[in-house]
J.: 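Have a look at this one.
Here is the naming used below: chain letters follow the sequence lines, and residue numbers restart at 1 for every chain.
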Amino acid sequence: GAGVSQSPSNKVTEKGKDVELRCDPISGHTALYWYRQSLGQGLEFLIYFQGNSAPDKSGLPSDRFSAERTGGSVSTLTIQRTQQEDSAVYLCASSSPFGGLAGLGNEQFFGPGTRLTVL
Amino acid sequence: AQSVTQLDSQVPVFEEAPVELRCNYSSSVSVYLFWYVQYPNQGLQLLLKYLSGSTLVKGINGFEAEFNKSQTSFHLRKPSVHISDTAEYFCAVSSSNDYKLSFGAGTTVTVRA
């Protein structure tokens, strides 16, 4: 079946503009994650959604970052008033709820990422 | 909170030689451990994981890793590498009651003929 897809693959924006990044998880996966991969910081957790539970936003670096997940499927990560330090590859992943304890420890399937460049 | 340290940022190795990538973690609770690989210009792919049971875990592409609780380590090994193993390798940890992953800084493996 189809894997995790992300759009756009590349986004170039000017400092101060808002951007929206989209993630389509694997069908049936109730958990969805956003990570950021940058040269200076490596791979960082941003936020995750698990079913109907409140999202874990503990990794969001500032209140300029927000995410939503509509209908338990597609997710959008929004960055307001972008800064140059936001330049990174934004990765989305999803995992199945089956197996283990509520899917804990399940493989996270990653999308190809969105490369964001803030000029 | 958990943290992961990958002790080698770059590992050059000749084709058909063995390779070991070192990973240490710290956590105050029990953990799950993972190794992911990122091939050039591709997304992350799971190589193997440790949840419980046997401390020697076998994964895809001939890789294996050993969980050592006393040394808080989860080193990745392959007895004979191929050119196609050139990639970046990430060790990751989650607590056993949480979903999010904490990643190490990554180890770049370059396999030369």
J.: Counting only heavy atoms closer than 4.5 Å, note whether A:F109 contacts chain B via side chain, backbone, both or neither.
T.: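 Neither the backbone nor the side chain of A:F109 comes within 4.5 Å of chain B.
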J.: Can you tell which part of B:L44 gets under 4.5 Å to a heavy atom of chain A, answering side chain, backbone, both or neither?
T.: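 B:L44 touches chain A through backbone and side-chain heavy atoms alike.
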J.: Parallel, tilted or perpendicular: which describes the rings of B:Y50 and B:F67, with under 30° parallel and over 60° perpendicular?
T.: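 Rings of B:Y50 and B:F67: parallel, as their planes differ by under 30°.
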J.: Between A:S58 and chain B, which part of the residue has a heavy atom less than 4.5 Å away: side chain, backbone, both or neither?
T.: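 A:S58 touches chain B through side-chain heavy atoms alone.
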J.: Using heavy-atom distances under 4.5 Å, tell me whether A:L91 contacts chain B through its side chain, its backbone, both, or neither.
T.: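 Just the side chain, heavy atoms under 4.5 Å.
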J.: Verify the distance criterion only: is there a donor paired with an acceptor across the side chains of B:T107 and B:Q6 at less than 3.5 Å?
T.: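 A donor-acceptor contact under 3.5 Å links the two side chains.
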J.: Can you run down the disulfide (SG to SG under 2.5 Å) pairs that involve residues 36-70 of chain A, sequence neighbours left out, and say none if there aren't any?
T.: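 Of all non-adjacent pairs touching residues 36-70 of chain A, none passes disulfide (SG to SG under 2.5 Å).
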J.: A:Q50 and A:T30: side-chain donor and acceptor closer than 3.5 Å?
T.: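 Yes, a side-chain donor-acceptor pair sits under 3.5 Å.
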J.: With sequence neighbours excluded, what pairs up with A:E44 under the side-chain hydrogen bond (donor to acceptor under 3.5 Å, both in side chains) test?
T.: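 For A:E44, the residues satisfying side-chain hydrogen bond (donor to acceptor under 3.5 Å, both in side chains) (neighbours in sequence not counted) are A:R36.
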J.: Picking from B:Y36, B:F34, B:F90, which has the most non-hydrogen pairs under 4.5 angstrom with chain A?
T.: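 Ranked by contacts with chain A, first place is B:Y36.
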J.: Heavy-atom cut-off 4.5 Å, strictly under: side chain, backbone, both or neither for B:D98 against chain A?
T.: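 It is both, since atoms from each part get that close.
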J.: Heavy-atom distances under 4.5 Å only: say whether B:K100 touches chain A with side chain, backbone, both or neither.
T.: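 Interface part for B:K100: both.
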